[in-house]
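Reading through the C-alpha cells given below for one structure.
Note that the numbering runs from 1 along the sequence shown for the chain. Since this is a predicted model, take the numbers as computed values, not measurements.
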Amino acid sequence: MKDAIKQMLKTIEAEARYTASRTGRPSFAQKVMKAMAEVERAEFVPDYSRTYAYNNGPLYIGFGQTISQPYIVALTTDLLEVEPDHIVLEVGTGSGYQAAVLAKLVKQIFTIERVKELADAATLRLQTLGYHNIETRCGNGYEGWPEQAPFDRIVVTAAAPAIPPALLEQLKPKGRLVIPVGQPYMYQQLMVVTKDNENNIDTEPVLSVAFVPLIDDTDENSENETAL
C-alpha cells in the first residue's frame with residue numbers, strides 16, 4: 001500500500017511539471033501532497049477497483065459517477081489555496097475522496113451529493129474512517145447549502161454549463177471557487193473564480209478537463225439525464 005501511494009505521488013508530481021505551462025503550477029503545496037499521501041484512495045473505490053486505486057485515472061463508483069484521477073484532486077485542492085480555519089463547501093460528494101483530502105487541511109467541510117445511495121455510502125464511509133469535520137447531505141448542488149453559507153472556499157466536482165448563481169452568492173468576499181465549466185462530454189475548462197471585497201467576480205481558466213455533468217434537479221430538462 002505504501003509503495004502504491006508513493007508511486008501515485010510521483011505520478012502527480014510528474015504530471016504537475018508536464019502541465020505547468022497551462023496551470024502555472026509546476027508543483028503543488030507540500031501540505032496538499034501530504035494530505036494526498038494520508039488519504040488511502042483504496043478506501044473510496046469499489047472492492048473490484050482496489051487493484052487500480054492508486055493509478056492516475058478516474059474510476060467508476062456506480063450510478064454513472066466516477067472518482068476523479070489523483071492528479072486532478074491534487075490540482076483542485078492546490079488551486080483552492082485553503083487555510084486551516086476555512087469552511088469549505090463541496091458540490092458532488094461522490095465517494096467522499098475529495099472531501100477527505102480537504103478535511104486534512106481545513107476546519108470544516110460541507111458536502112452535497114444528489115444521488116442518495118452515494119450520499120448515504122459516503123456518509124457512512126467518512127464516519128467509519130474518522131472524518132469528524134465533514135457534514136454530508138443529499139440535495140441539489142446547484143442550490144448550494146445556504147444554511148451554512150457563506151463559505152471561504154467552494155469546490156465543484158462535476159461540470160456545469162455556467163457557474164451556478166447560488167454558489168457565487170454563498171462565496172465569501174476574498175473567497176475562491178474551483179469549478180469545471182462546459183457542456184457534458186465536450187470541451188470543459190477548470191476555472192478558478194475569485195470574489196473581491198466589493199463582491200466583484202473574476203474568472204480564470206486553468207486547464208482543459210473532462211468531468212461528468214452537474215445535474216440541476218430544478219431543471220425540467222434534466223429529468224431524463226443520467227445522474228453522473
Side-chain angles (χ1 to χ4, degrees), residues 31-32 34-36 38-46 61-68 70 72-74 76-160 163-180 193 195 211-212 214-218 227-228:
K31 64 181 182 181
V32 170
K34 183 174 184 290
M36 294 293 296
E38 290 176 349
V39 178
E40 295 189 5
R41 192 168 184 255
E43 298 289 346
F44 295 86
V45 303
I61 58 172
F63 303 94
Q65 297 271 14
T66 61
I67 179 175
S68 294
I72 290 294
V73 174
T76 298
T77 305
D78 200 64
L79 290 170
L80 284 169
E81 297 183 0
V82 295
E83 298 294 341
D85 62 342
H86 279 172
I87 307 297
V88 178
L89 172 67
E90 178 192 36
V91 175
T93 312
S95 68
Y97 180 61
Q98 174 73 81
V101 171
L102 284 168
K104 298 283 186 179
L105 301 168
V106 303
K107 181 179 179 180
Q108 181 73 48
I109 306 287
F110 293 94
T111 180
I112 306 170
E113 171 57 55
R114 70 179 296 272
V115 180
K116 185 178 186 303
E117 292 86 349
L118 289 176
D120 290 346
T123 299
L124 178 59
R125 180 179 300 113
L126 292 165
Q127 290 175 348
T128 301
L129 293 172
Y131 291 95
H132 301 303
N133 62 336
I134 302 176
E135 186 172 340
T136 61
R137 77 184 298 180
C138 183
N140 182 5
Y142 266 84
E143 299 173 352
W145 199 324
E147 301 89 345
Q148 301 295 344
F151 301 98
D152 298 288
R153 300 289 188 266
I154 300 176
V155 57
V156 183
T157 62
I163 301 168
L167 301 186
L168 293 176
E169 292 172 5
Q170 293 172 32
L171 186 65
K172 284 184 180 180
K174 295 187 177 181
R176 292 172 73 89
L177 161 65
V178 177
I179 178 173
V193 182
K195 178 188 282 191
F211 277 78
V212 295
L214 180 67
I215 305 299
D216 184 358
D217 290 325
T218 63
L228 293 180

Original post:
Do other residues, nucleotides or ligands put more than 12 heavy atoms under 6.0 Å from the NZ atom of Lys31?
Top reply: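 Counting neighbours around NZ of Lys31, more than 12 heavy atoms of other residues, nucleotides or ligands fall under 6.0 Å, so yes.
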
Separation between [atom1] of [X] and [atom2] of [Y], rounded to the nearest 0.5 Å:
X	Y	atom1	atom2	value
Arg153	Leu89	CZ	CG	13.0 Å
Met36	Arg41	CE	CZ	8.0 Å
Ile134	Leu126	CD1	CG	4.5 Å
Tyr97	Arg125	OH	CZ	13.0 Å
Lys172	Ile87	NZ	CD1	6.5 Å
Arg176	Ile179	CZ	CD1	14.5 Å

For a 4.5 angstrom cut-off between non-hydrogen side-chain atoms, does [X] reach [Y]?
X	Y	value
Leu124	Asp120	no
Tyr131	Thr136	no
Phe211	Ile72	yes
Trp145	Ile154	no
Leu102	Leu80	yes
Asp152	Glu83	no

**OP:** Sort out for me which residue in Glu147, Glu113, Glu143, Glu90 forms a salt bridge (Lys or Arg N to Asp or Glu O under 4.0 Å) with Arg137.
**Re:** Glu147

Nearest heavy atoms of [X] and [Y], plus distance in Å:
X	Y	answer
Leu168	Lys195	O-NZ, 2.6 Å
Val106	His86	CB-O, 3.5 Å
Ala122	Gly94	CB-O, 3.7 Å
Ser95	Ile67	OG-CD1, 3.7 Å
Ala160	Leu214	CB-CD2, 4.0 Å
Asn140	Asp217	ND2-N, 3.4 Å

Subject >> Partner of Gln65 under side chain to side chain contact (heavy atoms under 4.5 Å, CB included), chosen from Thr157, Leu118, Thr93 >> reply: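 Single side chain to side chain contact (heavy atoms under 4.5 Å, CB included) partner of Gln65 among Thr157, Leu118, Thr93: Leu118.
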
Subject >> Lys104 side-chain N/O to Glu38 backbone N/O, donor-acceptor pair under 3.5 Å >> reply: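 No, Lys104 side chain to Glu38 backbone: no donor-acceptor pair under 3.5 Å.
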
Original post:
Do the side chain of Gln108 and the main chain of Asn133 share a donor and acceptor less than 3.5 angstrom apart?
Top reply: yes

